[in-house]
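Remarks on the structure that follows.
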Amino acid sequence: MYRRIHEALLQNPPIDDYDVFKEIKFHSFFESQQAIIALCTYLQELRKNIEDLDEKQLQREFFKLLQVSLWGNKCDLSISASEDNSQKVNSLELLDDLKHFILVDDMESIWSLLINIKKRRTPKEVTRIDIVLDNAGFELITDLVLADFLLSSKLVTEIHFHGKCIPWYVSDTTKHDFNWTIKQLQSANNRWMSKCGITWEGSIRKGVMVYHDHIFWTLPHEFCSMAQVATDLYTELQKSNLIIFKGDLNYRKLTGDRKWEFTVPFHQALNKFHPAPLCSLRTLKSDVQVGLKLGQGEQLVTSEPDWMITGKYGVVQFDMSL
Ligand SMILES: O=P(O)(O)OC[C@H]1O[C@](O)(CO)[C@@H](O)[C@@H]1O
């Protein structure tokens with residue numbers, strides 16, 4: 001459907017590069033303003049003392065911002081049929097209450113990977129994280145905040161973002177959305193928002209934040225076929241130390257969108273897709289889920305029949321092995 005919409009526009013210059021979802025994406029960004037201010041303020045305060053944090057404190061902040069990015073995935077205009085689905089309250093204050101809804105929590109393993117790389121890194125070495133983006137609006141801000149934290153804490157030295165070439169699933173991030181968001185922050189009437197915008201613009205100029213897009217992300221292929229059908233993208237991702245896949249649609253493509261048993265290991269469902277260590281930050285909006293404990297899925301089926309489609313539950317699911 002999204003391809004059809006795009007095709008129809010392509011055939012009708014001068015509106016051939018018009019994004020029909022632009023207005024609602026903008027609206028969702030502005031509606032999330034207070035939550036964005038809270039997050040930007042938190043980040044800027046954190047940056048002031050980041051050099052003084054010990055390992056435990058750094059880990060705590062990493063877990064916080066990883067969860068903020070996870071729950072940012074609730075803000076998706078495709079699940080809400082384009083009704084308002086913005087973030088109204090400070091997401092940092094909700095984390096304790098939401099913890100219980102994380103069905104798979106591999107945050108410790110992700111932390112071990114990153115902190116060990118940091119400890120072993122020589123001064124000239126690059127540590128790279130790739131974030132395969134999902135929704136523009138509040139979710140994109142949470143991803144940028146996480147990226148900034150990873151860079152300012154020196155856990156990593158480069159962040160590569162991957163977005164969509166065409167408007168996709170209503171609110172998915174395109175290059176235009178990415179640049180627009182950073183410009184909006186820069187010119188915002190709030191010093192912390194504009195500080196974030198200016199810093200991120202600078203990071204892009206210096207090449208420590210890099211934006212990519214590739215047609216593969218809007219093709220119907222499951223990710224295990226990437227090495228064959230998009231060899232250049234697969235090779236690019238192999239340069240990463242960790243790939244973070246945001247959102248439900250990416251999870252469906254990681255796992256081939258099959259009716260797996262809930263207890264099938266994530267590694268098995270990836271079906272040999274291993275360009276680099278990877279993780280999924282996803283709130284559940286469709287009926288595929290792997291890597292659960294024995295009985296966990298069945299219990300949810302009984303107690304909450306729609307647990308897989310409302311975005312109430314989330315996973316931070318990691319696969320290390322190559
Ligand atoms: O933005 P996300 O997290 O990828 O969610 C997209 C999901 O939402 C839906 O469009 C509706 O639930 C699913 O078909 C799709 O998997």
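This one's a predicted model, so the numbers in the text were calculated from it and none came from an experiment. Every number for a ligand or one of its atoms is a count from 1 in the order of the listing.
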(request) Identify whether the distance between the nearest side-chain nitrogen and carboxylate oxygen of D248 and K285 falls below 4.0 Å. (result) no
(request) Give the atoms of ligand 1, by number and element, whose distance to some non-hydrogen atom of K285 is under 4.0 Å. (result) 1 (O), 2 (P), 3 (O), 5 (O), 12 (O)
(message) Testing the basics here: between R47 and T199, what is the closest heavy-atom pair and its distance to 0.1 Å?
(response) NH1-CG2, 3.6 Å
(request) Using a strict cut-off of less than 4.0 Å between a Lys/Arg side-chain nitrogen and an Asp/Glu carboxylate oxygen, indicate whether D177 and K25 qualify as a salt bridge. (result) yes
(message) Quick check for you: to the nearest 0.5 Å, what is the distance between S112 atom OG and I117 atom CD1?
(response) 10.5 Å
(request) In plain terms, say whether D134 and R282 are close enough for a salt bridge, that is, a side-chain N and a carboxylate O under 4.0 Å apart. (result) no
(message) For ligand 1 and G247, I'd like to know whether there is a polar contact (N/O to N/O, distance under 3.5 Å).
(response) no
(request) Please work out which of the three classes, parallel, tilted or perpendicular, describes the rings of F178 and Y211, given edges at 30° and 60°. (result) tilted
(message) On a heavy-atom basis, I'd like to know which of D248, L281, V288 is closest to atom 7 (C) of ligand 1.
(response) D248
(request) Please could you name the atoms of ligand 1 that N73 approaches to less than 4.0 Å, counting only its heavy atoms? (result) 3 (O)
(request) Number the atoms of ligand 1 from 1 as they appear, then name those within less than 4.0 Å of a heavy atom of N135, with their elements. (result) 1 (O)
(request) Tell me which one of R282, R252, M308 gets a heavy atom nearest to atom 13 (C) of ligand 1. (result) R252
(message) If I apply the N/O under 3.5 Å rule, does D134 come out as touching ligand 1?
(response) yes
